[in-house]
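Notes for the one structure printed next.
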Amino acid sequence: MVSINHVAHKTLTYMPFVLVLIDLRYEGVKCGRDGSVESHLEMGKKLLAAGQLADALSHFHAAVDGDPKNYMAYYRRATVYLATGKSKSALPDLSRVIELKPDFTSARLQRGSLLLKQGKLDEAESDFKKVLKSNPHDQEEKEAKSQLIKSDEIQRLVAEAHSSFTREDYKTAADLLDTIIETCVWDVTSRELRAECFIQMGEMGKAVSDLKAASKLKSDNTQAFYKLSTIYYNLGDHEMSLNEVRECLKLDPDHKQCYSHYKQVKKLSKQIQSAEELIHEQRYEDAVSKYEAVMKTEPHIHHYSLHAKERICHALAQCVCDEQGQQASRAVSVCGEVLQLDPENINVLKDRAEAYIQEEQYEEAIKDYEAAGQHSENDRQIKEGLDRAQRLLKQSQKRDYYKILGVKRTAQKKEIIKAYRKLAQQWHPDNFQDPEDKKKAEKKFIDIAQAKEVLTDPEMRTKFDHGEDPMDPESQQQGGHHHHHAFRQGFQGFNPFGSGPFNFKFGFN
């Protein structure tokens, strides 16, 4: 492969513009018979030299309108377009100059350079060859020869790139296209072919970059927008996919591929948005159902099923609506599926830890919080969750009011009272005659009454759920609280059946 010297390449790139500026100093050209046209040309030239491009362009517009056959008016307007980066607008003006004055070599050389950048190699070579046949001055001849050599080299590289692509040697084809695009920077075909190479190589970011450029270089490039949309969709970015396919439909509302794809992306995007709104509203069971629908809508692309499971994991971990305690168990399972594929997912580790806490598996919760903390040391939620799990573990090794009443941590007040009454009847000390059994029943009965007292009081239950025992003076001191209650003073003056139908005396004396 022949390499092009970098310095020479840069010099040749700017040379046409230098030639244009030289030509603008040429005063001997008859541009038209109308004095106002000459005035506009002269004023435009001065403004161009001063760098006031917008004002210069206005004068050259006026000159073209005043004399549509004045080739110098078109040429100078093309110069402003090039100076402002509007090569698409410059090309028709240069073609008009050549049509009006075929021997204007500077315009032909300039047009050839633009055609080369666009990858129109045959047309560019034709211009360069005509320049060489027109007895050009030395600088133009040198420029034309250099560009012609470059064009021939690009022709060879294009043939090799297409051959490599046909052989499915995408790496070689992409490397050749890199060299081609260094010169043919506006060549849509080469960029689209390189994008396809990148897609086959799995380098989607590079493919997106080329396709975005191709969509801008070609104004009606519906296929580029369609490919962009499908790439984003397959990467799991439904919002960007929707944006790109809409651009395709703006250009062609009847585009079959884009319309079919649009319906799929729109449906999926709407489901995901709806599910997130439900989570925000804390309607977790409905959110779970909606994300299950997402997995049915798109069962083939793992990004969406993984995302759906991650959000289902979160919703289940947050939900406390299931009185049978099924949600936390399911959350542990779904979170585990996600972590098998993405073991360092901090959010899922935190959600599973919360589910483990609901399941009263505190040691497992501690492990998940510690694993999450390794990847996010400054996460306050992780630190607070880990501290809570550790306190709950310590608490569970002492006295657990939920276990005393035999209810889940998600139990509602009505369920707690029902369990309390059932156990109170069962462990009523009057039901036991043997002194030892009665003594054991009295202790059990006190635990039952304390459990009911804590779990039916919202403030005390919240403290207990955060690892503090409102009935334990030591726990209260560690937590910085000083909650006073009758149980603190022993059992004097307290009737645990004060609200019930029972009346009895304990045999303490």
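When a residue number appears, it is its place in the shown sequence, counting from 1.
Under the 4.5 Å side-chain criterion, counting only non-hydrogen atoms from C-beta, His61 is in contact with Leu57. Contact annotation: the side chain of Asp342 never approaches that of Val348 to less than 4.5 Å [non-hydrogen atoms, C-beta and beyond]. Contact check for Lys290 versus Arg311: no side-chain heavy atoms found under the 4.5 Å cut-off. Two residues are said to be in side-chain contact when any heavy atoms from C-beta on lie closer than 4.5 Å; Lys408 and Gln358 fail this criterion. Taking 4.5 Å as the limit, some side-chain heavy atom of Glu276 sits within range of a side-chain heavy atom of Ile279. A heavy-atom distance below 4.5 Å is not found between the side chains of Ile416 and Gln412. For the pair Gln257 and Thr230, the minimum side-chain heavy-atom distance is 4.5 Å or more. Contact annotation: the side chain of Ile346 approaches that of Ile382 to within less than 4.5 Å [non-hydrogen atoms, C-beta and beyond].
Between Ala124 and Leu116, the shortest heavy-atom distance links the atoms CB-N, 3.7 Å. In terms of heavy atoms, Ala353 sits closest to Ala365 at O-CB, 3.4 Å. The two residues Ser219 and Leu251 have their closest heavy-atom pair at O-CD2, 3.6 Å. The minimum heavy-atom distance between Leu455 and Arg461, with the atom names listed, is O-CD, 3.4 Å. Across all their heavy atoms, Lys216 and Lys88 have their closest contact at O-NZ, 3.3 Å. Across all non-hydrogen atoms, the minimal contact from Leu339 to Arg352 is CD1-CZ, 3.5 Å.
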| message | Determine whether Cys184 and Lys117 satisfy the following criterion, side-chain contact (heavy atoms from CB on, under 4.5 Å), listing intermediate values before the conclusion. | response | CA-CA 4 Å; Cys184 306; Lys117 288 182 178 181; 5.9 Å; no

| field | Worked verdict on Leu392 versus Ile357 for side-chain contact (heavy atoms from CB on, under 4.5 Å) | value | CA-CA 8 Å; Leu392 287 169; Ile357 286 176; 3.7 Å; yes

| task | Evaluate the side chain to side chain donor-acceptor pair (under 3.5 Å) criterion for residues Gln155 and Asp122: first the C-alpha distance (whole Å), next the side-chain angles of each, then the deciding distance (0.1 Å), finally the verdict. | result | CA-CA 9 Å; Gln155 290 271 28; Asp122 292 337; 2.9 Å; yes

| field | Val454/Lys463 under side-chain contact (heavy atoms from CB on, under 4.5 Å): CA gap, chis, key distance, verdict | value | CA-CA 9 Å; Val454 170; Lys463 289 180 179 179; over 6 Å; no

| query | Where do Gln223 and His255 land on the side-chain contact (heavy atoms from CB on, under 4.5 Å) test, with the steps shown first? | reply | CA-CA 10 Å; Gln223 198 62 23; His255 195 288; 4.1 Å; yes

| Step-by-step salt bridge (Lys or Arg N to Asp or Glu O under 4.0 Å) determination, Arg191 to Asp187 | CA-CA 6 Å; Arg191 286 189 180 274; Asp187 183 4; over 6 Å; no

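Taking Glu281 as the reference, Arg283 meet the salt bridge (charged side-chain N to carboxylate O under 4.0 Å, His left out) condition, with sequence neighbours excluded. Looking at residues two or more places apart in sequence or on another chain, you find a ring-ring contact (aromatic ring centres under 6.0 Å, His included) between His307 and Tyr291. Partners of Lys250 according to the side-chain contact (heavy atoms from CB on, under 4.5 Å) rule, which considers only residues two or more places apart in sequence or in another chain, are Glu247. With sequence neighbours excluded, no residue forms a side-chain hydrogen bond (donor to acceptor under 3.5 Å, both in side chains) with Asp447. Annotation: salt bridge (charged side-chain N to carboxylate O under 4.0 Å, His left out) contacts of Glu125 (sequence neighbours excluded): none. Residues satisfying the disulfide (SG to SG under 2.5 Å) test with Cys258, not counting sequence neighbours, are Cys248.
For residues 166-187, the set of pairs meeting the ring-ring contact (aromatic ring centres under 6.0 Å, His included) definition, not counting sequence neighbours, comprises Phe165-Tyr170. Within the structure, ring-ring contact (aromatic ring centres under 6.0 Å, His included) contacts touching residues 376-413 (residues at least two apart or in different chains) are Tyr401-Phe464, Tyr402-Phe464. Here ring-ring contact (aromatic ring centres under 6.0 Å, His included) pairs that include residues 231-254, with residues two or more places apart or in two chains, are Tyr233-His261, Tyr233-Tyr304. Residue pairs satisfying the ring-ring contact (aromatic ring centres under 6.0 Å, His included) criterion with at least one member in residues 344-372, sequence neighbours excluded, are absent. Sequence neighbours left out, the pairs with a member in residues 372-381 that pass side chain to side chain donor-acceptor pair (under 3.5 Å) are Lys350-Asp379, Lys350-Gln381, Arg380-Glu384. Sequence neighbours left out, the pairs with a member in residues 195-208 that pass salt bridge (Lys or Arg N to Asp or Glu O under 4.0 Å) are Glu196-Lys227, Glu203-Lys206.
Annotation for Glu363: atom CD does not count as buried by contact number, only 12 or fewer foreign heavy atoms lying within 6.0 Å.
A distance-only check finds a donor-acceptor pair linking the side chain of Thr166 to the backbone of His162 [under 3.5 Å]. A donor-acceptor pair under 3.5 Å links the side-chain atoms of Thr297 to the main chain of Ala293, judged by distance alone. A side-chain donor-acceptor contact under 3.5 Å links Glu298 to the backbone of His300. Using a distance-only test at 3.5 Å, with no hydrogens or angles considered, no donor-acceptor pair links the side chain of Ser229 to the main chain of Phe225. A donor-acceptor pair under 3.5 Å is formed between the side chain of Thr84 and the backbone N or O of Val80. The closest donor-acceptor contact from the side chain of Ser269 to the backbone of Val265 lies at 3.5 Å or more, if one exists at all.
One distance of note links CG of Asp210 with CD1 of Ile181; it measures 5.5 Å at 0.5 Å rounding. Distance check: Gln118 CD to Lys120 NZ gives 4.5 Å after rounding to the nearest 0.5 Å. The CD atom of Gln110 sits 12.0 Å away from atom CG of Asp93, with the distance rounded to the nearest 0.5 Å. Here Leu82 contributes atom CG and Leu53 contributes atom CG; the two are 11.5 Å apart, rounded to the nearest 0.5 Å.
Residues Gln147 and Ser113 bring a donor and an acceptor atom of their side chains to less than 3.5 Å of each other. In this model, a donor atom of one side chain and an acceptor atom of the other lie less than 3.5 Å apart for Glu192 and Asn221. Side chains of Arg194 and Ser190: no donor on one and acceptor on the other come within 3.5 Å.
A salt bridge does not link Lys418 to Glu415: none of the charged nitrogens lies less than 4.0 Å from a carboxylate oxygen. Using a cut-off of 4.0 Å between Lys/Arg side-chain N and Asp/Glu carboxylate O, Arg409 and Asp465 are scored as salt-bridged. With respect to Arg330 and Glu292, a salt bridge is recorded, a charged nitrogen being found less than 4.0 Å from a carboxylate O. Ion pairing between Arg156 and Glu153 holds under the 4.0 Å rule for side-chain N and carboxylate O.
Geometrically, Lys452 engages Tyr420 in a cation-pi contact, judged by NZ or CZ lying under 6.0 Å from the ring centre and within 45° of the ring axis.
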